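Some notes on the structure that comes next.
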Number of protein chains: 2
Amino acid sequence: MRSETGNSWQAIRTEVLRRIHARDWPPGSLIPNEADLAAEFGCARTTVSRALREIAATGLIERRRKAGTRVAVAPSRRATFDIPVLRTEIESRGARYGYALISQGLDVPPPAVRAGMAVPEGARLLHLSALHLADGAPHVHEDRWIDPDVAPGILTVDLGRESANAWLVANMPYTDGSLSLFARAADAGLAERLGCVEGAALFCMERLTWIGDRAITHVQLSYAPGHRIATQL
Amino acid sequence: MRSETGNSWQAIRTEVLRRIHARDWPPGSLIPNEADLAAEFGCARTTVSRALREIAATGLIERRRKAGTRVAVAPSRRATFDIPVLRTEIESRGARYGYALISQGLDVPPPAVRAGMAVPEGARLLHLSALHLADGAPHVHEDRWIDPDVAPGILTVDLGRESANAWLVANMPYTDGSLSLFARAADAGLAERLGCVEGAALFCMERLTWIGDRAITHVQLSYAPGHRIATQL
DNA sequence: CAGTGGTCTAGACCACGGT
DNA sequence: CCGTGGTCTAGACCACTGT
């Protein structure tokens with residue numbers, strides 16, 4: 001019963017996926033172990049291992065030593081998004097990228113930001129507000145806090161010319177970060193800056209990045225109404 | 001100059017990441033090839049390959065045959081989200097999961113849905129509206145269209161008892177899908193069902209799944225105000 | 001304890017793509 | 001062309017964990 005589907009790990013992945021979708025191996029069932037599959041496909045166990053590892057990374061199967069490999073019952077699948085670099089995102093749509101600094105100063109951050117960045121109460125951080133433009137139209141509003149103790153060089157940069165983000169990615173590679181996505185209504189200031197009505201539903205992204213155990217920056221991006229991010233499953 | 005950081009691929013990954021963050025290998029630079037690194041770390045080339053492949057998957061380095069491996073200049077990093085299974089998501093917060101079917105019927109879908117699912121004009125699809133509850137409070141509103149030609153069994157299911165999603169994941173494993181995230185304002189109907197004010201900004205997720213070249217279902221999930229999804233970078 | 005996945009090795013050949 | 005990453009092999013040992 002040699003299938004001889006081919007001996008590349010991708011071919012094996014395809015065949016395994018086919019069997020799962022065809023319900024040869026229904027949800028919850030145990031699939032043959034690596035050695036048996038290797039024998040069936042006529043390849044090395046390493047190759048089967050690679051194929052199954054890639055499938056497991058998508059959440060469709062679950063693997064445990066001794067217990068074997070099982071088809072996930074409720075496949076809580078994983079999706080991968082590219083975190084957009086704004087300039088690239090805008091230019092890839094054929095639009096001209098623009099950046100406009102709105103304000104800049106040393107302020108005491110609001111409690112939510114202060115807690116997220118774990119800075120002492122009363123500490124002052126560099127606070128920026130800026131717009132990213134596509135063909136001159138507001139595309140994203142950026143509200144950013146930067147700890148100047150962690151990234152001292154930022155104070156010497158002319159942030160009207162170079163975006164803080166560009167400077168940071170080039171000079172302060174982070175070691176850890178978190179990202180969250182949510183929706184919020186446009187307040188009066190955002191509505192004016194983004195050119196939308198007050199109360200409009202905005203898609204927002206909040207990022208917090210660290211170097212070791214020190215927070216570098218907290219940024220909230222608010223997209224103009226209608227923005228979506230998409231991915232394949 | 002043997003580093004002897006250890007010979008596991010994870011140790012090598014850690015060391016390579018350290019060098020990138022330490023700017024030993026600044027953005028845009030070429031790092032040594034696999035063979036050289038293997039010699040330096042005193043391990044097989046396969047092991048180095050594995051470590052670099054894992055890093056490349058995060059977008060921090062870019063690899064091309066002959067050109068070698070380069071530290072990404074604008075690390076358009078990738079983030080991975082677990083697509084939540086609603087029941088699991090709610091129960092993992094310690095809340096009781098509830099499901100309430102609001103309406104069900106065969107309707108002609110709106111143009112956007114029809115185009116996304118590539119069904120003929122005028123075709124009727126199964127249309128569901130339901131709420132997912134956490135401790136009895138509305139958590140997510142689900143608006144779903146299902147093509148009964150592709151998933152005929154769905155018509156025999158009592159959708160008041162079993163959620164359409166549960167039936168589909170168990171009986172109609174998809175081969176392809178797309179997912180998009182966006183924000184929208186609550187209309188009157190959603191506001192009433194979710195118990196929020198009309199116009200509230202809602203975080204929404206739209207999924208479209210296929211078996212081969214036929215669309216199974218289109219679903220839009222609208223979360224009650226305040227919902228976020230988060231991930232590590 | 002024993003079965004299973006996880007990993008490492010040394011070597012080989014191949015595919016891509018810059019020069 | 002030929003250097004580089006991509007993959008495969010056969011075998012080995014190890015780590016975890018269910019029984």
Side-chain angles (χ1 to χ4, degrees), chain A residues 2-17 19-20 24-25 27-73 75 78 80, chain B residues 2-17 19-20 24-25 27-73 75 78 80:
Chain A
R2 296 286 161 124
S3 300
E4 284 306 338
T5 326
N7 49 355
S8 80
W9 72 264
Q10 307 190 16
I12 293 172
R13 179 182 59 182
T14 301
E15 172 60 14
V16 169
L17 289 174
R19 293 185 188 182
I20 292 173
D24 293 348
W25 295 333
S29 66
L30 211 51
I31 80 176
N33 67 33
E34 294 187 349
D36 290 349
L37 286 174
E40 189 201 338
F41 292 129
C43 69
R45 182 167 77 93
T46 317
T47 308
V48 172
S49 185
R50 173 77 189 274
L52 296 183
R53 189 200 319 141
E54 299 279 339
I55 298 175
T58 72
L60 197 59
I61 60 177
E62 290 164 355
R63 323 191 70 201
R64 269 168 31 224
R65 284 163 155 132
K66 167 73 181 178
T69 299
R70 210 170 270 285
V71 179
V73 257
R78 262 153 240 140
T80 302
Chain B
R2 296 287 161 119
S3 300
E4 285 304 340
T5 328
N7 51 353
S8 82
W9 70 265
Q10 307 192 19
I12 293 172
R13 178 182 60 182
T14 301
E15 171 61 12
V16 169
L17 288 175
R19 293 186 189 182
I20 292 173
D24 293 348
W25 295 333
S29 64
L30 210 52
I31 79 176
N33 67 33
E34 294 187 347
D36 290 350
L37 286 174
E40 188 201 339
F41 292 129
C43 68
R45 182 166 77 92
T46 318
T47 307
V48 172
S49 185
R50 172 78 189 273
L52 296 183
R53 190 201 316 141
E54 300 278 340
I55 298 175
T58 72
L60 198 59
I61 61 178
E62 290 164 355
R63 323 191 70 201
R64 269 163 36 219
R65 286 162 153 130
K66 169 71 181 180
T69 300
R70 209 170 270 286
V71 179
V73 256
R78 262 152 241 138
T80 303

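Computed from a predicted model, the values in this text were never measured in an experiment. The chains referred to below are lettered A, B, ... by the order of the sequence lines, with proteins before strands, and numbering in each begins at 1.
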Self-check item: B:Thr47 side chain near B:Ile12 side chain, heavy-atom distance below 4.5 Å
Solution: yes
In whole Å, what is the span from the [atom1] atom of [X] to the [atom2] atom of [N]?
X: B:Arg65; N: C:dC14; atom1: CZ; atom2: C1'; answer: 8 Å
X: B:Arg63; N: D:dT7; atom1: CZ; atom2: P; answer: 10 Å
X: A:Arg53; N: D:dC8; atom1: CZ; atom2: C1'; answer: 13 Å
X: A:Ile31; N: C:dG3; atom1: CD1; atom2: P; answer: 19 Å
X: A:Phe41; N: D:dC8; atom1: CZ; atom2: C1'; answer: 16 Å
X: B:Glu54; N: D:dG6; atom1: CD; atom2: P; answer: 12 Å
X: A:Asn33; N: C:dT4; atom1: CG; atom2: C1'; answer: 7 Å
X: B:Trp9; N: C:dT9; atom1: CH2; atom2: P; answer: 14 Å

Does [X] have a side-chain nitrogen or oxygen under 4.0 Å from the phosphate oxygens OP1 or OP2 of [N]?
X: A:Thr46; N: C:dT7; answer: no
X: B:Gln10; N: C:dT7; answer: yes
X: A:Thr47; N: D:dT9; answer: yes

Practice problem: Please tell me which of the listed nucleotides, D:dT17, C:dG6, D:dG5, lies nearest to the side chain of B:Glu34? | Solution: D:dG5
Test item: [X] side-chain N/O and [Y] main-chain N/O as donor-acceptor pair under 3.5 Å:
X: B:Arg19; Y: B:Asp24; value: no
X: B:Arg45; Y: B:Ala35; value: no
X: A:Thr14; Y: A:Gln10; value: yes

Practice problem: Find which nucleotide of DNA chain D each of A:Ala44 and A:Arg64 is nearest to by heavy atoms, and output the residue with the more 5' nucleotide. | Solution: A:Ala44
When all nucleic acid strands are considered with a 4.0 Å heavy-atom cut-off, which category describes [X]: base, sugar-phosphate, or nothing?
X: B:Arg50; result: sugar-phosphate
X: B:Arg45; result: base
X: B:Ser49; result: base

Quiz item: Between B:Glu34 and B:Arg63, is a salt bridge (Lys or Arg N to Asp or Glu O under 4.0 Å) present by the stated rule, with each step listed?
Solution: CA-CA 11 Å; B:Glu34 294 187 347; B:Arg63 323 191 70 201; 2.7 Å; yes
